[in-house]
A.B. asks: 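Before we start, here is the structure in question, set down as structure tokens.
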Amino acid sequence: QVQLVESGGGSVQAGGSLRLSCTASGYTASRYCMAWFRQVPGKEREGVASIFINGGGTYYADSVKGRFTISQGNARNTMYLQMNSLKPEDTAMYYCAADFDAPCGPPVVQGYYTMDYWGKGTLVTISS
């Protein structure tokens, strides 16, 4: 059974940085899509960034482009989201997602494709 566990959330002031981690387990595929999403209570879930594990290729939402960096860890089952120049509007629950058949990139981040596996989320709070 595929499991995703996020970590690294917390509270920082605007302009600060955080790095989120996602560790995946329970699968054997070597190339697949992973992504970060975020959601604020009362609002729709928003795609943040995606990466094709062991295949390269990253894609970002316009709202985070130039500030956030998605990357794969040395361990192939780990993914990171480095978040710099954080803004109060980045406050949200951040979720890691994975899918072994996803058309990684715009369809995932723009919400046209629903990922199969999700973590429970890690909370990011940015104060002004």
Side-chain angles (χ1 to χ4, degrees):
Q1 184 176 357
V2 177
Q3 291 188 326
L4 303 174
V5 179
E6 304 96 335
S7 62
S11 298
V12 297
Q13 289 190 326
S17 299
L18 283 172
R19 188 176 82 156
L20 305 184
S21 301
C22 175
T23 301
S25 62
Y27 63 97
T28 57
S30 60
R31 292 161 62 93
Y32 52 97
C33 184
M34 294 188 78
W36 288 99
F37 294 81
R38 64 187 183 185
Q39 190 168 23
V40 176
K43 293 189 176 181
E44 289 191 1
R45 185 174 60 206
E46 175 189 17
V48 175
S50 68
I51 184 168
F52 192 55
I53 298 294
N54 288 330
T58 59
Y59 186 82
Y60 297 90
D62 288 343
S63 58
V64 306
K65 203 171 292 182
R67 300 188 298 123
F68 291 11
T69 303
I70 190 170
S71 63
Q72 174 184 347
N74 289 332
R76 68 176 180 88
N77 63 334
T78 303
M79 174 182 67
Y80 301 104
L81 184 69
Q82 179 65 44
M83 306 186 295
N84 298 328
S85 302
L86 284 161
K87 305 175 181 179
E89 51 263 43
D90 293 319
T91 295
M93 185 71 80
Y94 282 71
Y95 297 92
C96 169
D99 195 294
F100 302 104
D101 301 305
C104 218
V108 168
V109 176
Q110 294 175 10
Y112 297 110
Y113 184 92
T114 302
M115 304 286 273
D116 281 343
Y117 303 100
W118 295 83
K120 294 183 178 180
T122 185
L123 182 62
V124 171
T125 304
I126 312 302
S127 58
S128 57

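Residue numbers count from 1 along this sequence.
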A.B. asks: Indicate the atoms forming the closest heavy-atom contact of Tyr80 with Gly73, along with that distance.
C.D. replies: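 Scanning both residues completely, I find the closest heavy atoms to be CE1-CA, 3.4 Å.
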A.B. asks: Kindly compute the distance separating CG (Asp99) from OH (Tyr117), expressed to the nearest 0.5 Å.
C.D. replies: 7.5 Å
A.B. asks: With a 3.5 Å cut-off and no angle check, do the side chains of Glu46 and Ser63 form a donor-acceptor pair?
C.D. replies: yes
A.B. asks: Test question: given the 4.5 Å side-chain rule for I, L, V, M, F, W and Y, name all other residues clustered with Tyr112, or answer none.
C.D. replies: none
A.B. asks: Closer than 4.0 angstrom, basic N to acidic O: yes or no for Asp90 and Lys87?
C.D. replies: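 Here Asp90 does not pair with Lys87 in a salt bridge, since their nearest N and O are not under 4.0 Å apart.
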A.B. asks: Determine, stepwise, if the pair Asp116 / Val2 fulfils side chain to side chain contact (heavy atoms under 4.5 Å, CB included).
C.D. replies: CA-CA 10 Å; Asp116 281 343; Val2 177; over 6 Å; no
A.B. asks: So, the side chain of Ser50 versus the backbone of Gly105: is there a donor-acceptor pair under 3.5 Å, distance only?
C.D. replies: yes
A.B. asks: To the nearest 0.5 angstrom, please state how far the CE atom of Met34 sits from the CG atom of Asn77.
C.D. replies: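 So the gap between those two atoms works out to 8.0 Å.
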A.B. asks: Please report the interatomic distance OG1(Thr122) to NZ(Lys120), rounded to the nearest 0.5 Å.
C.D. replies: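 Rounded to the nearest 0.5 Å, the OG1-NZ separation comes to 13.0 Å.
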A.B. asks: Give a yes or no answer on whether the side chain of Arg31 reaches the backbone of Asn54 with a donor-acceptor pair at less than 3.5 Å.
C.D. replies: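 A pair under 3.5 Å: yes.
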A.B. asks: Run through Val48, Ile70, Val109 and flag the one making a side-chain contact (heavy atoms from CB on, under 4.5 Å) with Tyr59.
C.D. replies: Val109
A.B. asks: Using links of under 4.5 Å between side-chain heavy atoms of ILVMFWY residues, direct or through other members, which residues join Phe37 in one cluster?
C.D. replies: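 So far as hydrophobic clustering goes, Phe37 is joined with Met93, Tyr95, Val108, Tyr113, Met115, Trp118, Leu123.
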A.B. asks: Is the backbone N or O of Ile51 less than 3.5 Å from a side-chain atom of Thr58, with the two atoms forming a donor-acceptor pair by type?
C.D. replies: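 No.
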A.B. asks: By the disulfide (SG to SG under 2.5 Å) test, which pairs, at least two apart or in different chains, include something from residues 30-59?
C.D. replies: Cys33-Cys104
A.B. asks: Grab the two heavy atoms, one from Val40 and one from Thr91, that are nearest each other, plus how far apart they are.
C.D. replies: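 Scanning both residues completely, I find the closest heavy atoms to be CG2-O, 3.2 Å.
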A.B. asks: Within a strict 4.5 Å, meaning less than it, do heavy atoms of the Leu4 and Thr23 side chains meet?
C.D. replies: no
A.B. asks: Give the minimum heavy-atom separation between Ala61 and Gly47, together with the two atoms involved.
C.D. replies: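 For Ala61 versus Gly47, the nearest heavy atoms are CB-O, 3.4 Å.
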A.B. asks: To the closest 0.5 Å, what do you measure between CD (Gln13) and OG (Ser127)?
C.D. replies: 4.5 Å
A.B. asks: In Å, rounded to the nearest 0.5 Å, how long is the span from OG of Ser17 to CZ of Phe68?
C.D. replies: 9.5 Å
A.B. asks: Locate the shortest heavy-atom distance separating Met79 from Cys96; write the atom from each residue and the value.
C.D. replies: CE-SG, 3.6 Å
A.B. asks: Using a cut-off of 6.0 Å, state whether more than 12 heavy atoms not belonging to Lys43 lie near its atom NZ.
C.D. replies: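 Count not over threshold, so no.
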A.B. asks: If you round to the nearest 0.5 Å, how far is OG1 of Thr69 from CG of Leu81?
C.D. replies: 8.0 Å
A.B. asks: Is there a side-chain contact between Tyr60 and Arg67 in this structure, where contact means two heavy atoms from C-beta onward sitting under 4.5 Å apart?
C.D. replies: no
A.B. asks: Gln39 side chain to Ala92 main-chain N or O, any donor-acceptor pair under 3.5 Å?
C.D. replies: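 Checking the backbone N and O of Ala92 against the side chain of Gln39, no donor-acceptor pair under 3.5 Å is found.
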A.B. asks: Quick one: sort the Tyr32 and Tyr27 rings into parallel, tilted or perpendicular, breaks at 30° and 60°.
C.D. replies: perpendicular
